[in-house]
2 protein chains.
Amino acid sequence: MMVNKIIVAVDTVILAIGDKGMEVFLIKIKNEPYEGCWALPGAVVQDTESLDDAAKRVIQQRVGDKRIHVKQLYSFGEVDRDVRGRSISVAYFALLSDKKLIKPMLNEQYSEMGWYGVDSLPKMAFDHADILKTARIKLTFMLDEVGVVSKLLPKKFTLSELQKVHEILSGKKIDKRNFVKKTKIDDEIVDTGEMKKGEAFRPAKLFRFR
Amino acid sequence: MMVNKIIVAVDTVILAIGDKGMEVFLIKIKNEPYEGCWALPGAVVQDTESLDDAAKRVIQQRVGDKRIHVKQLYSFGEVDRDVRGRSISVAYFALLSDKKLIKPMLNEQYSEMGWYGVDSLPKMAFDHADILKTARIKLTFMLDEVGVVSKLLPKKFTLSELQKVHEILSGKKIDKRNFVKKTKIDDEIVDTGEMKKGEAFRPAKLFRFR
DNA sequence: TCAAAAGTGTTCTGATTACACCCATGT
DNA sequence: ACATGGGTGTAATCAGAACACTTTTGA
């Protein structure tokens, strides 16, 4: 078999629901040639780890919770995607129920980190703007898939919180009564019997996924 | 950036409708350690070509028609996927309207080639059985996507041929009258005015995609 | 008492399903 | 004449969309 010199990397699209709707976690690059640009957290894949394991390693470096699932998104392999040399990137999703799960952590390569609304991204390094564009399209189709919505919510959640996730992912406003009707039918969504109290309005029932 | 020794390959899942339903084009490996096993056509990605270009190169080597589209399926990167050494494979789909588009072509590495029903695969090399399993699952979801069905049909086709593709991809039997009703509504499917003659039964109207 | 979000049903429309017989052709 | 797939309509059911007001709480 021939040998090639292509670097294999993984990049992770870490998403959570925030004030600006769907938000993505980015880090700011300190050094040339992408100084000042923002990037998805990533790493070079090691000989001894699978692609999935490399993605999990990147996530676990950034996130306190060990049980974050990653899901492969797409592989990007344009010849000029990184001006420093030929590489391919296998991109992964990681969905967080809470932005605060991210550990503050910077190093010699990254000067800053933060969350950005997917509609108001800063200047991106490499082909990471393309990766995010692809991620947004895929995410819309993933709405119905098992687990996508649940990973973006805490264990117990109100119907309004659930509805908001659906609205953000689909990009459409949903009628509350129709939405309630569907959750009533859905076996996966269970009433915990508890209420979310302490807000300046009527307490809401808390639900969970089965 | 670190250097790794991971080989980047592309493998292509070439599919067409045949007597056995969905069929996949495979080649038989001549040499150890996978002697006698069957594999998806593939190649090592070169420094100077993108992943998509590498997949197109593999397809064009095998298929007479230049205009076959490829679509990325998934990337496979288990550490032990190839006993000869560490590699990752970016798998692609290619959908053919006719099995006969394949050019007969063997070389020093491959002793045989042929089509297999996706339900009756021979002994597969590498992780290619996994790749095909993933391909089958994805294909079901791709039914509604633009172009998937059309690429598996000739330019002009009868409603029965169209229905058969839907049935094979979805794995479900469809009622003929209900199916006709839906195609009547679908703007993409146009009556050519021509008929498919010369068969031992009533001639059928020929349709095309817009 | 006010602001804010929770909670709750009915009607209409369009899409999906189920179902059976005669027709045109080549052999 | 017969075997084979082509071609056709109606009724029932189900899912999705539209639509507005009262309730509960903390401030």
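Each chain gets a letter, A, B and so on, in the order the sequences are listed, and its residues count up from 1.
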Greater than 12 external heavy atoms within 6.0 Å of B:Lys103's NZ: yes

Considering heavy-atom distances to DNA chain D, does B:Asn178 or B:Thr158 have its closest nucleotide positioned more toward the 5' end? B:Thr158

Name the nucleic acid region contacted by A:Lys197, choosing base, sugar-phosphate or nothing; use a 4.0 angstrom heavy-atom cut-off, strictly under. nothing

Let's see if you can work this out: which of C:dT17, D:dG7, D:dT24 has an atom nearest to the side-chain heavy atoms of B:Lys176? D:dG7

Rounded off to whole Å, could you give me the CZ-to-C1' distance for the B:Phe201 and C:dA24 pair? 11 Å

Choosing from D:dG26, C:dT8, D:dG7, which nucleotide comes nearest the side chain of B:Ala204? D:dG7

Closest to the B:Lys182 side chain: C:dT16, D:dG6, D:dG9? C:dT16

Over 60° means perpendicular and under 30° means parallel, so tell me whether B:Phe157 and B:Phe209 are parallel, tilted or perpendicular. tilted

For a quick test of reading the model, state the closest non-hydrogen atom pair linking A:Phe76 to A:Arg81 and the distance between them. O-CD, 3.5 Å

Could you tell me the separation between the CG atom of B:Leu162 and the P atom of D:dG5, rounded to a whole number of Å? 18 Å

Take atom CD of A:Glu199 and atom C1' of C:dG7, then tell me their distance rounded to the nearest Å. 16 Å

Residue B:Lys184, side-chain heavy atoms: nucleotide from D:dT8, C:dT10, D:dG6 that is nearest: D:dT8

Looking only at side-chain N and O atoms, does A:Ser160 come under 4.0 Å of OP1 or OP2 in C:dA6? yes

Answer with yes or no whether A:Lys181 presents, from its side chain, a donor or acceptor under 3.5 Å of a partner atom in the base of C:dT8. no

Going through the checks in order, is the side-chain hydrogen bond (donor to acceptor under 3.5 Å, both in side chains) test met by B:Ser50 and B:Asp53? CA-CA 5 Å; B:Ser50 68; B:Asp53 287 342; 3.2 Å; yes

With the side chain of A:Arg177 defined as its heavy atoms from C-beta on, choose the nearest nucleotide among C:dT8, C:dG7, D:dA27. C:dT8

Which nucleotide wins on minimum distance to the side chain of B:Pro203, given the candidates C:dT10, D:dT4, C:dA24? C:dA24

Roughly, in whole Å, what's the span from CD in A:Glu161 to P in C:dG7? 11 Å

Between CG of A:Leu159 and C1' of C:dA5 the distance, given in whole Å, is 13 Å

Proximity to the side chain of B:Lys205 - top-ranked nucleotide from D:dT8, C:dT8, C:dT17: D:dT8

Of all the heavy-atom pairs spanning A:Asp119 and A:Arg136, show the shortest one and how long it is. OD1-NH1, 2.8 Å

